[in-house]
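Bear in mind that the values here come from a model prediction, so they are computed numbers and not experimental data. FYI, the numbering just counts along the sequence from 1.
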Amino acid sequence: MAQDMNWLRRGVVEIFPQPTDADSEIESLEQRLASTNRPLRVKLGIDPTGADIHLGHSIPVRKLRAFQDAGHTAVLIIGDFTARIGDPTGKSEVRRQLTEADVAQNAQTYLEQVRPILDFDTPGRLEVRYNSEWLSRLDLGKILELLSTMTVGQMLAKEGFAERYKKENPIFLHEFLYPLMQGYDSVAVEADVELGGTDQKFNIAVGRDLQRRFGQKPQFGLLLPILIGTDGVQKMSKSLGNYVGLSAHPSEKYQKLQGVPDQLLEQYFELLTDFALDKLPENPRDRQLLLAWEIVRQYHGEQAANQAKEAADSGGKKGAIPEFSVAGIEQFPVKLAYLLNASGLCKSSGEGKRKIQEGGVYIDGDRITNVDTSFAQADELTDKVLQVGKNKFVRLVP
């Protein structure tokens, strides 16, 4: 196992618990890592509440890979059961409950998108678990036991709940179950460490409490920052348009990343790459170009990174995303399935419908699953990227 612990602290906001002057006998995670005679079980839970992942979501996944490289076992939990509740963290209102079919489809795309990050091949380095495996089997007696571990007051101390209660926004009883179920995941997989964003501290702490309750040694919590988006102001989010999707075309990734604001460059390198921060170029523009090239290389390979750079250097022509002019469409409104055929991404409208039903069609990174999707006029499509699967793209132009 790796003795150099620099990888552990890189980009981390907090590891808890930590020894203090008042209680110096508390074991630190570094001490656990150095003294253990077995690989630690490092848990990361992801709820497939949406279809696609952006670079902000990749941060804890990258830390999970760092633990794998240090000799430990990554336990990736697909929250196919908890996703049907929806994590209430940071939400001002109840989340829409998803169907089993929605969750299953989203889960499959999540795994495809994290595959370039995690080690799926080395025996013993990765367990992929679905929490329906244990949560769907909980009977009422076990659920009552879980509920009895927390008071309403403790639950309302959770930031999002406290805010909603103060504003008299409804809090539904099933939402109280979410932190307990996420915590029970740690019991089920016997986690030594749980990774999460800074907004997950409450949920991770619940896992520690439940592990004690069930006679296990409590896990450590390792908190990572929430990534600021490419606008340099708000957290990365698809709804805000300041995101870089993992499934985006290499040229799209490169174009967005070469414009990351100067003040965010060091954080992006720290959280999204393995570059030594003291070796970065001094010139901010050189840093932007290096960041864009390196991240494209990580997800698509060196050749794709070089092509994306050439496309940007040539003004978006050489090696850029192929274009399709919507002016060639004789009549609007036009159905998406027809557009897939007309643009050459599918051999027929029938194939286009199948691809839509399978969840393999995107417009500007947003998955389209309604086969009846149509567009009333060409302006709705101009400058959007139409995508089928991982490798077929066209930019729609006038």
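Relative ring orientation between Trp7 and His72 is described as tilted, the plane-to-plane angle lying within the 30° to 60° band. Using the six-membered ring where Trp is involved, His54 and Tyr243 have ring planes that are tilted, between 30° and 60° apart.
A salt bridge does not link Lys166 to Glu163: none of the charged nitrogens lies less than 4.0 Å from a carboxylate oxygen. At a threshold of 4.0 Å, the pair Arg164-Glu175 counts as salt-bridged, since one of the basic side-chain nitrogens sits closer than that to a carboxylate oxygen. A salt bridge links Asp69 to Arg65: one of the charged nitrogens lies within less than 4.0 Å of a carboxylate oxygen. By the 4.0 Å N-to-carboxylate-O rule, Glu190 lies too far from Lys217 to be salt-bridged with it. Using a 4.0 Å cut-off between charged nitrogen and carboxylate oxygen, Arg208 and Glu194 do not count as a salt-bridge pair. In summary, Lys142 and Asp139 do not engage in a salt bridge, as defined by a charged side-chain N under 4.0 Å from a carboxylate O.
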Margin query: Could you walk me through whether Ser186 and Gln211 satisfy the side-chain hydrogen bond (donor to acceptor under 3.5 Å, both in side chains) test, starting with their C-alpha distance in whole Å, then the side-chain angles of each, then the deciding distance to 0.1 Å, before giving a yes or no?
Written below: CA-CA 7 Å; Ser186 295; Gln211 284 178 310; 5.0 Å; no
Check: So Glu323 and Arg395, salt bridge (Lys or Arg N to Asp or Glu O under 4.0 Å) or not? Walk me through it.
Finding: CA-CA 5 Å; Glu323 295 181 348; Arg395 186 183 299 281; 5.2 Å; no
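Rounding to the nearest 0.5 angstrom, the gap separating the CD atom in Glu302 from the CD atom in Glu294 is 9.5 Å. The distance from atom CE of Met181 to atom CG of Asn203, rounded to the nearest 0.5 Å, is 13.0 Å. Atom OG1 of Thr122 and atom CG of Leu118 lie 11.5 Å apart (nearest 0.5 Å).
Although no hydrogens or angles enter the test, the distance criterion places no donor-acceptor pair under 3.5 Å between the side chain of Arg125 and the main chain of Thr73.
Contact check for Gln298 versus Thr273: side-chain heavy atoms found under the 4.5 Å cut-off.
Within a 6.0 Å sphere centred on CD of Gln303, heavy atoms belonging to other residues, nucleotides or ligands number 12 at most.
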